[in-house]
Amino acid sequence: MAVTTTLILAVLGLLELVAFVYVWRTNRRLDTVAEELRAEIDANRRELDEKCRALSRRIEEVTEEMRERIGAANRRLDETIEAQRLLEDLRDINDRVRCLRTPGGMSKRVRRTDHRP
């Protein structure tokens, strides 16, 4: 019985050793996979950061372009408003000039000079 017990203990010891080697190799593989995943995550994070910086730069460029366009449009609008005011002022001046004219359309000054010898 002592030989059987020893044999069983030896087989169990070998199985334990095989299990230990298997766990150790699996653990090494998991460490390798974890390291690869960390490296991939870092690479993806760097790539994402670069894309975010590029997108931020593009947004700033578009924002600046839109500000320039809005500024140009505002200047054109101001010029249009000023031109409209000038036209209204000219109409007011023209209306006043018409008030000073005779019914025939000639100014009094021209009419007076025509009658002088």
Side-chain angles (χ1 to χ4, degrees):
M1 180 99 118
V3 174
T4 308
T5 305
T6 306
L7 185 61
I8 290 174
L9 287 175
V11 170
L12 287 176
L14 283 175
L15 285 176
E16 185 178 354
L17 183 63
V18 169
F20 177 74
V21 169
Y22 179 77
V23 168
W24 181 77
R25 285 188 60 200
T26 303
N27 203 10
R28 301 300 319 150
R29 280 192 233 151
L30 287 175
D31 288 343
T32 304
V33 169
E35 191 61 37
E36 288 173 359
L37 287 175
R38 280 190 206 103
E40 190 173 335
I41 288 170
D42 289 341
N44 287 337
R45 188 171 286 145
R46 284 190 300 275
E47 183 180 343
L48 185 60
D49 288 343
E50 181 59 34
K51 286 182 180 182
C52 286
R53 283 191 294 273
L55 183 60
S56 293
R57 284 191 300 270
R58 179 66 180 137
I59 288 172
E60 289 172 4
E61 290 171 2
V62 169
T63 301
E64 187 61 32
E65 183 180 320
M66 293 303 292
R67 283 186 183 137
E68 290 173 3
R69 286 182 181 181
I70 289 171
N74 282 339
R75 285 189 294 279
R76 285 193 306 270
L77 185 59
D78 290 343
E79 291 170 1
T80 303
I81 290 170
E82 187 63 30
Q84 186 66 32
R85 285 182 186 158
L86 288 174
L87 286 174
E88 289 173 4
D89 290 346
L90 286 175
R91 285 188 198 122
D92 289 343
I93 291 170
N94 195 24
D95 288 343
R96 283 188 222 130
V97 169
R98 283 187 196 147
C99 291
L100 296 175
R101 292 182 180 223
T102 60
M106 276 188 169
S107 69
K108 292 179 183 178
R109 184 176 186 145
V110 171
R111 193 170 41 90
R112 284 185 198 143
T113 58
D114 287 345
H115 293 294
R116 290 186 188 164

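One finds the CG atom of L37 at 10.5 Å from the CG atom of N44 (value rounded to the nearest 0.5 Å). In this structure, S56 OG and K51 NZ are separated by 14.0 Å, a value rounded to the nearest 0.5 Å. To the nearest 0.5 angstrom, R25 atom CZ is 13.5 Å from F20 atom CZ. Atoms OG1 and CG, from T26 and L30 in turn, are 6.5 Å apart once rounded to the nearest 0.5 Å. Atoms CZ and OG1, from R28 and T32 in turn, are 6.5 Å apart once rounded to the nearest 0.5 Å. To the nearest 0.5 Å, the span separating CD1 on I81 from CG on L86 amounts to 12.0 Å.
Applying the side-chain hydrogen bond (donor to acceptor under 3.5 Å, both in side chains) test to residues at least two apart or on different chains, the pairs with a partner in residues 59-69 are E65-R69.
We find that R46 and D49 are not joined by a salt bridge, their nearest charged nitrogen and carboxylate oxygen being 4.0 Å or further apart. The pair E79-R76 does not count as a salt bridge, with every side-chain nitrogen at least 4.0 angstrom from each carboxylate oxygen.
For the side-chain contact (heavy atoms from CB on, under 4.5 Å) with I8, the qualifying choice from L12, V11, T5 is L12, the only one to do so.
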Check the pair E88 / R85 against salt bridge (Lys or Arg N to Asp or Glu O under 4.0 Å), numbers first and verdict last. CA-CA 5 Å; E88 289 173 4; R85 285 182 186 158; over 6 Å; no
In sequence, state the C-alpha distance, the side-chain angles, and the governing distance for R75 and D78, and then conclude on salt bridge (Lys or Arg N to Asp or Glu O under 4.0 Å). CA-CA 5 Å; R75 285 189 294 279; D78 290 343; over 6 Å; no
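The number of heavy-atom neighbours closer than 6.0 Å to CD of E50, taken from other residues, nucleotides and ligands shown, is above 12.
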